[in-house]
Every structure is written in C-alpha cells, then in structure tokens.
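Everything on this sheet refers to the single structure shown next.
Remember, it's a predicted structure, so these values are computed and weren't measured experimentally.
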Protein chains: 2
Amino acid sequence: MQEKPELDFPRPLTTVDVVIFAIRSDALQVLLVQRPKAESEPFPGAWALPGGFVDIAGDRDLEACAVRKLKAKTGVVSPYLEQLGSWGSATRDPRGWSATHAYFALLPEHTAGGALAGDAQWFAVEGEKVRPKLAFDHAEILQAAVLRLRNKVEYTSLPAYLMPQEFTLPELQRTYEIVLDRPLEKSAFRTRMLAADLIEPVAKMRKGPNRPAQLYRLKKAKAPVFFTRTFNPPG
Amino acid sequence: MQEKPELDFPRPLTTVDVVIFAIRSDALQVLLVQRPKAESEPFPGAWALPGGFVDIAGDRDLEACAVRKLKAKTGVVSPYLEQLGSWGSATRDPRGWSATHAYFALLPEHTAGGALAGDAQWFAVEGEKVRPKLAFDHAEILQAAVLRLRNKVEYTSLPAYLMPQEFTLPELQRTYEIVLDRPLEKSAFRTRMLAADLIEPVAKMRKGPNRPAQLYRLKKAKAPVFFTRTFNPPG
DNA sequence: TAAGTTAGTTGGACTGTACAACTAAGTATG
DNA sequence: CATACTTAGTTGTACAGTCCAACTAACTTA
C-alpha cells in the first residue's frame, strides 16, 4: 500500500442504514431505533433507521454489513433485501462529511415480532412519513423507500415477501392494497397473479369463519417476478 | 466534534463513478478513461469508468461530485443524471476497503463529441459488456447500468434524454430500438409516445432526402414520464 | 414519368383489464 | 331449520390498447 496523496484524502464517514418494512395490524410499518440519549451523540433520543458504521475489519461487503445490522435488530437472517440508494453530503451528519448506503428489507409478519432489540420499535407508515421526527436525513430516506416500494409493487411481486409461507389470494390482495393504499379489482388481480406464475396452490384449504379459501405459497423463484403490465387503477 | 471511538474507526475509501451513455454511430456507447500507467497505481493502463475520490472539502454532496467528474471528462454541465447504486467491499480495490457510489448519465449525441478529456474515449456497448477488460469491478457496474437503462426504457421516457433538442418520431424510435436492441412496432410506438404527453410538435418539419417529417421536442417536464404499459415485443 | 424510400394513417384481429353480477360455501340468527 | 350475512371465487360484457399488415403521402433519383 503505497503512500499516494489520494489515500491521504480525508475520507467521509461511511454507514449503512436499513429500512425494514412489515405488515402489522393491517398496516405498513417500519422499524426504528432510538438513538442514545447522551448529549455527546448527534440527535440524542431521536428515532432513526437501524444502521451504523461499516466495520471494515468484519464486514466483507456492504450487503453483509446490512444483513448484520438487520439481524442485530430483528434476529431475522435472510429476508428480502434490496439496495435503495446512497445519501452523502457535508451536512447530513453533524460529525462531518458522511455517506450512507441505504437498503430496504421486507419481513413476513410472523418474523417481525421475534427477537426485537430493546431500543427498536415498529411505527406505522402514514403517507410516506412516520409520526416521530427522524434523525439525520432519515425522513428523506424513508420516503424514498416507501415510494420505491409502492412503485415496484405496481409491476413486481414484491409484496409476496411480506406474506407468511402460506396465504390465500384475498390475503395477498389485501397486502397489495395496504402497500399501495388503494383498492384493487378482485378479478383482475386474480387473473394477473395466477398468470404471473409466481405462486402455486398447496393441497390444503384455509377454513375461516366463512367460505374456505385456497392456500398458496411462493414458488421457489428467488427473484421478484416482473409483471408485464401494471394494475390500472379502477375508475 | 467529540472523540467518539466510532469516529476513529478506519473508514473505507469513498469514490464516485459515472457511467456515461450516448448514442454514437447508431450504437449505444459508453465513455471510459484509461488509468495512469504508473506501476504504483492499481490496474495501470486499464480502462475504467470515469470517477475518483470524493473531495470532502470541495464536493457539497455525492451528486455534485458526480457532476464534477462528468464535467471534467466531457465538458457537459447538466445532462440526465441518476444514481445507479453503490458497490463496496474489502476486495474491490487493492488499496483497501472501498465503496463507490455509481451514477449513470445520458448525453445527447451532439454534446458527446465536445470537450473530451485526453484520456477519455467512447466504446460501443456489446450486449452488456464492452470490448476492453475493465479495472476494479467496473464491468459489473457497467452491466448493472446497461440492464437498468434497458429495463427503465421499457416503461419510461428515458431515451428522450439521448436525443438532440429537436427530433422526429422515427429518430426517437430508432434510439429506443438501439437501447433495447430489438425492433419496435411503428404504430404502437407512435400511439404510446404521443399519448404519453411527453413530447410536443414544433412548427417546423425536417426536410430529408425523402418525405419530410414532423419535428418534436421534449416537453418541459423534468422527470422522465412513466408509461402505463410496456411495449410488448412483436411476435 | 416510373421506381425507390421514408413518414405517417387506417382497420381488423386479438388480448387483457374494468366492472358488475353472479354462484359457492361457510357462519350466525330468529 | 330457514333466512340473512359474509367472504371466496367465477362469469360475461364492454372497452382500450397492442399487433400486424396494408395503405396513403411526399419527396428524390434514374
């Protein structure tokens, strides 16, 4: 490692933040952590996205760092994880020039209750915001994550990653509607979802208070399926 | 600025790279720069994406840094610029743990010939690759850029940013076809493009060797327009 | 004047969505 | 035990946009 002047350049602080979504109580929720209350910390006591500094000794790459932070807060090991973008500027962190690599993760509801860290808590997403004022530029990052999620939902199968292993078509549709925050046409939804070849029926039925419903599960496809068309909004 | 142990963490090298696309000679081309031949440099003499270290004294934010690097190599000040993603790992740069923030830019053909830096040169994109072997993980970044461009072209108006200020519909269609590397239906293309309300006719006509064609220009819309449907491939 | 080239339009077959009305299978209620 | 209520799932019609081919239009060249 030679002593190039460039290597002596002061380097930005480098962090990774994760926007963790789940459907809970029939609403889209996001996991936040409370920053330490010590006055020496930036934004003491404020809510923030889970994240922190890259550990160049321990983290092989950025995604491994994101997985580590997600596991630390939720105990979840392998959710859907996608890079969202990066935010870097001289002013976003009072400690100096900093850049964060933001990821977003989708958790099935049943895993979202598990091994939550003590400083972590779920908050409902209202519009593209959340009730408490967020530290740093995390409100902007959260908004980008919600918009990206909504946007991708229009033409991919992403919401399937928010479902438990087995689910009914109306439940899946409900999840789409929660994420998109608008009603969808039942028959168009069924036609498209089945044509997308993303889910397969299992032998069982779900017996509810009403008519029993067919159970489906995600096919083995790892990547989200792209639909050829968007759902056109009714009306 | 307090002396938190975290701030003493060794920080990754932080760079910004820009994938610069233009249509030249009826083909999709990308701008590359040749790395210095000094043996003390990583990948001496190899071709690489334009980019370099973030200057935390001079760059206000990541995008400003990308604009600076783009201007340095092409002279172009305000092209279409979009964040592509970030790549960071312990091994991608022999000098140590590094993270790059990648952007991609679209240039109209007539600006692409201008004030090129001496070490810069255009290369045709073949598939998702380019002929020379690229430094670092830049082949991977380039591939991601091409796939993203192709993918977005399916449902947005991005290619309009590759056009000169005034253009005919057949020229615009040709640009779509070059980017997508497949033929498009003429009448469906016209219907969709005009319905998208993205371009507007100007009073003039283009007089070519054959029948004259109506000239159009981009509407003032700053953001690329999202189509409601994809182009279905013929056949 | 005829042939060639490219711009742009027209029309019919087809496909998938939008929407409403329908059937199906269970539970709750009087 | 019959009726109403609820939710799952299907069917049918209208409509919009595409796919594709054939057409017209305007100009150049031989």
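Formation of a donor-acceptor pair under 3.5 Å by the A/Thr156 side chain with backbone atoms of A/Lys152 is found in this model.
Listed nucleotides D/dT18, C/dG8, C/dT17 differ in distance to A/Ala188; the shortest reach to its side chain belongs to C/dT17. With C/dT17, C/dA7, D/dG17 as the choices, the nucleotide that has an atom nearest any side-chain atom of B/Pro170 turns out to be C/dA7. Each of C/dA20, D/dG9, D/dA21 was ranked by its minimum atom distance to the side chain of B/Ser187; first place goes to D/dA21. Set against C/dT9, C/dA18, D/dG9, the side chain of A/Leu169 has D/dG9 as its closest nucleotide.
Shown here are the ring-ring contact (aromatic ring centres under 6.0 Å, His included) partners of A/Phe136, two or more places apart in sequence or in another chain: A/Phe43, A/His138. Evaluation of the ring-ring contact (aromatic ring centres under 6.0 Å, His included) rule for A/Trp122 yields no partner, not counting sequence neighbours. Remark: A/Tyr216 engages no residue in a ring-ring contact (aromatic ring centres under 6.0 Å, His included) (not counting sequence neighbours). Under the rule for a salt bridge (charged side-chain N to carboxylate O under 4.0 Å, His left out), B/Arg211 has no partner lying at least two apart in sequence or in another chain. Among residues two or more places apart in sequence or in another chain, the salt bridge (charged side-chain N to carboxylate O under 4.0 Å, His left out) test is passed with B/Arg190 by none. With sequence neighbours left out, B/Arg92 forms a salt bridge (charged side-chain N to carboxylate O under 4.0 Å, His left out) with B/Asp137.
Interface residues of residues 204-214 of chain A facing DNA chain D, ordered by number: A/Asn210, A/Arg211, A/Pro212, A/Ala213, A/Gln214; criterion, heavy-atom separation under 4.0 Å.
Look at CE on A/Met193: it is 15 Å from P on D/dA8, rounded to the nearest Å. Distance NZ (A/Lys186) to C1' (D/dG12): 15 Å, rounded to an integer number of Å. Separating the CD1 atom of A/Ile199 from the P atom of D/dG9 is a distance of 10 Å, rounded to the nearest angstrom. At whole-Å resolution of the value, CZ in B/Phe189 and P in D/dT18 are 12 Å apart. With rounding to whole Å, A/Gln173 atom CD is found 13 Å from C/dT17 atom P. Here C/dA7 presents its P atom at 8 Å from CD of B/Glu171, a figure rounded to the nearest Å. One interatomic measurement links the two molecules: CG of A/Leu194 to P of D/dT11, which rounds to 13 Å at whole-angstrom precision. Here C/dT9 presents its P atom at 16 Å from CD of B/Glu185, a figure rounded to the nearest Å.
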Side-chain atoms of residues 162-169 of chain A: list all donor-acceptor pairs with protein atoms under 3.5 Å, sequence neighbours left out, distances to 0.1 Å.
from: A/Glu166; atom 1: OE1; to: A/Lys204; atom 2: NZ; distance (Å): 3.1
from: A/Glu166; atom 1: OE2; to: A/Lys204; atom 2: NZ; distance (Å): 3.4
from: A/Thr168; atom 1: OG1; to: A/Glu171; atom 2: N; distance (Å): 3.2

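Note on the helix from C/dT1-D/dA30 to C/dG30-D/dC1: angle between the axes of the first and last five pairs equals 10°, rounded to 10 degrees.
At a threshold of 4.0 angstrom between heavy atoms, the contacts of A/Thr168 with the nucleic acid are absent.
Ion pairing between B/Glu177 and B/Arg174 holds under the 4.0 Å rule for side-chain N and carboxylate O.
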